[in-house]
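Atoms considered below: every heavy atom in the structure, side chains included; atoms not considered: hydrogens, waters and symmetry mates.
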Amino acid sequence: MSRPILLALVALLALGCVLGAYMLILPRDTKAGGAGNNSENNCGLSVNQPVKPAPEKKTPEEIAEADYLSAEKPEDRIEIIRKAADLPGAKSSMPLLRKALVADANEDVQLEALAQSIKLAENEGLGILVETIRGALSAPKDRVQQQALREARKHPSPELVPDLIEIAAGKAAHRFLAVDALAFTEDPRAKAKVLEIASKTDGEKTERVRAVALLARTRDTNANELIHQLCGSSDEELRKVALEVVEAWKTASK
């Protein structure tokens with residue numbers, strides 16, 4: 001073998017050693033051809049690990065709702081509802097209040113949700129307030145529905161009349177509150193319903209007496225004949241109430 005060829009082989013052998021040593025000292029992720037976010041699995045194979053996006057930050061309302069759902073004690077849920085209603089920008093339509101009003105197992109929690117919803121709705125306009133009351137009128141819990149009827153009396157609206165008339169024909173526990181709310185509504189349908197109950201001779205007497213007394217509030221001219229008849233009634237209680245209605249009408253007309 002000639003000397004030039006031998007020198008060439010020696011040079012190639014040296015170059016191979018240098019390259020081999022260089023490959024041994026390379027970082028693993030560089031040898032695998034991956035980026036800095038690659039790693040190896042248990043078998044020594046490179047696995048790409050995507051960077052997880054940061055979780056979205058929850059709003060104060062969402063945090064309150066999560067706290068409410070995890071709270072076991074009714075008093076804790078009531079406190080959470082109060083704090084949520086005091087948040088800046090809180091609305092009567094916030095999901096937390098709606099869930100608590102219709103789905104909470106505790107009646108006191110539902111009542112608190114109604115109270116806070118009404119408080120917020122009073123600042124949001126009559127239309128929203130009426131819709132809030134209407135939603136509560138169909139609540140399954142008796143005390144919640146009764147409180148909604150009291151709110152209907154405090155915030156009379158013709159839009160609530162059909163709901164109130166329907167309730168006035170339903171449960172005895174709710175009938176008087178419904179008629180009472182109707183008497184405070186300046187609506188012909190509401191006045192007619194109060195007069196209808198005041199005229200009943202075959203219904204419950206207590207309800208009739210109360211309805212007659214409410215004629216002082218409605219000042220319905222269609223009730224003149226009935227009041228005139230009752231002023232001469234042999235029933236002392238009805239006669240007394242009818243005379244009080246007449247006096248109330250006289251005072252109001254002055």
Side-chain angles (χ1 to χ4, degrees), residues 58-185 190 193-194 197 204 206-207 210-211 213-214 217:
K58 290 185 177 181
T59 65
E61 285 188 15
E62 290 172 335
I63 294 173
E65 186 173 352
D67 291 342
Y68 164 81
L69 293 173
S70 62
E72 296 183 0
K73 296 180 179 179
E75 54 268 31
D76 292 340
R77 297 199 296 276
I78 288 174
E79 185 61 25
I80 291 168
I81 287 170
R82 289 174 180 166
K83 289 181 178 179
D86 286 337
L87 289 171
K91 299 290 185 182
S92 61
S93 59
M94 71 167 62
L96 168 57
L97 291 179
R98 297 201 171 198
K99 287 179 181 177
L101 180 58
V102 302
D104 198 282
N106 186 277
E107 206 166 27
D108 289 330
V109 177
Q110 290 191 5
L111 285 168
E112 185 63 37
L114 174 59
Q116 296 300 331
S117 297
I118 294 293
K119 183 183 75 172
L120 291 170
E122 287 175 337
N123 297 321
E124 296 170 15
L126 181 59
I128 295 177
L129 177 59
V130 169
E131 285 305 311
T132 301
I133 295 173
R134 173 177 285 139
L137 286 175
S138 59
K141 300 286 188 180
D142 284 347
R143 287 172 60 207
V144 178
Q145 190 175 27
Q146 288 167 3
Q147 184 58 37
L149 288 167
R150 295 185 186 98
E151 294 295 341
R153 179 187 182 277
K154 288 167 55 180
H155 307 281
S157 170
E159 295 180 25
L160 294 174
V161 169
D163 302 86
L164 295 173
I165 289 176
E166 182 178 352
I167 295 172
K171 287 183 179 181
H174 305 326
R175 281 200 296 265
F176 175 70
L177 288 173
V179 176
D180 192 36
L182 286 168
F184 280 77
T185 306
K193 187 63 179 179
V194 176
I197 297 172
E204 186 178 329
T206 302
E207 291 183 4
R210 287 174 174 175
L214 287 172
R217 178 68 181 77

side-chain contact (heavy atoms from CB on, under 4.5 Å) with [X]: which residues, sequence neighbours excluded?
| X | answer |
| --- | --- |
| Thr206 | Glu204, Arg210 |
| Ile197 | Val179, Lys193, Ala211 |
| Pro74 | Arg77, Asn106, Val109 |
| Ala85 | Gln116, Leu120 |

Minimum-distance pair of heavy atoms, taken over all atoms of [X] and [Y]:
| X | Y | answer |
| --- | --- | --- |
| Ala66 | Lys58 | CB-NZ, 4.4 Å |
| Ala113 | Ile81 | CA-CG2, 4.2 Å |
| Lys141 | Ala105 | NZ-O, 3.8 Å |
| Ser92 | Thr132 | OG-OG1, 4.0 Å |
| Ala100 | Tyr68 | CA-OH, 3.4 Å |

Pair listing, salt bridge (charged side-chain N to carboxylate O under 4.0 Å, His left out) test, anchored in residues 114-127, at least two apart: Asp86-Lys119

Would you mind listing every salt bridge (charged side-chain N to carboxylate O under 4.0 Å, His left out) that reaches into residues 91-100, with sequence neighbours excluded?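 Salt bridge (charged side-chain N to carboxylate O under 4.0 Å, His left out) check on residues 91-100 returns Glu65-Lys99.
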
Hey, what do you get for [atom1] ([X]) to [atom2] ([Y]), rounding to the nearest 0.5 Å?
| X | Y | atom1 | atom2 | result |
| --- | --- | --- | --- | --- |
| Ser70 | Asp76 | OG | CG | 9.5 Å |
| Leu96 | Glu61 | CG | CD | 8.5 Å |
| Ser157 | Glu131 | OG | CD | 9.0 Å |
| Thr185 | Asp180 | OG1 | CG | 9.5 Å |
| Leu101 | Leu111 | CG | CG | 9.0 Å |
| Glu112 | Ile80 | CD | CD1 | 12.0 Å |

Pairing residues for Lys154 by the salt bridge (charged side-chain N to carboxylate O under 4.0 Å, His left out) criterion, not counting sequence neighbours: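 Partners of Lys154 under the salt bridge (charged side-chain N to carboxylate O under 4.0 Å, His left out) test: Glu151.
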
Which residues pass the salt bridge (charged side-chain N to carboxylate O under 4.0 Å, His left out) test with Arg217, not counting sequence neighbours?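 Glu186.
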
Which side-chain N or O atoms in residues 162-177 pair as donor and acceptor under 3.5 Å with protein atoms at least two apart or in another chain?
from: Asp163; atom 1: OD1; to: Arg134; atom 2: NE; distance (Å): 3.2
from: Lys171; atom 1: NZ; to: Asp142; atom 2: OD1; distance (Å): 3.0
from: His174; atom 1: NE2; to: Asp142; atom 2: OD1; distance (Å): 3.4
from: His174; atom 1: NE2; to: Gln145; atom 2: OE1; distance (Å): 2.8
from: Arg175; atom 1: NE; to: Glu207; atom 2: OE1; distance (Å): 3.2
from: Arg175; atom 1: NE; to: Glu207; atom 2: OE2; distance (Å): 2.8
from: Arg175; atom 1: NH1; to: Gly170; atom 2: O; distance (Å): 2.8
from: Arg175; atom 1: NH2; to: Glu207; atom 2: OE2; distance (Å): 2.8

Using a 4.5 Å cut-off on heavy atoms from C-beta on, say whether the side chain of Val144 contacts that of Glu107.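 A side-chain contact under 4.5 Å exists here.
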
With sequence neighbours excluded, tell me which residues meet side-chain hydrogen bond (donor to acceptor under 3.5 Å, both in side chains) with Asp108. Arg143

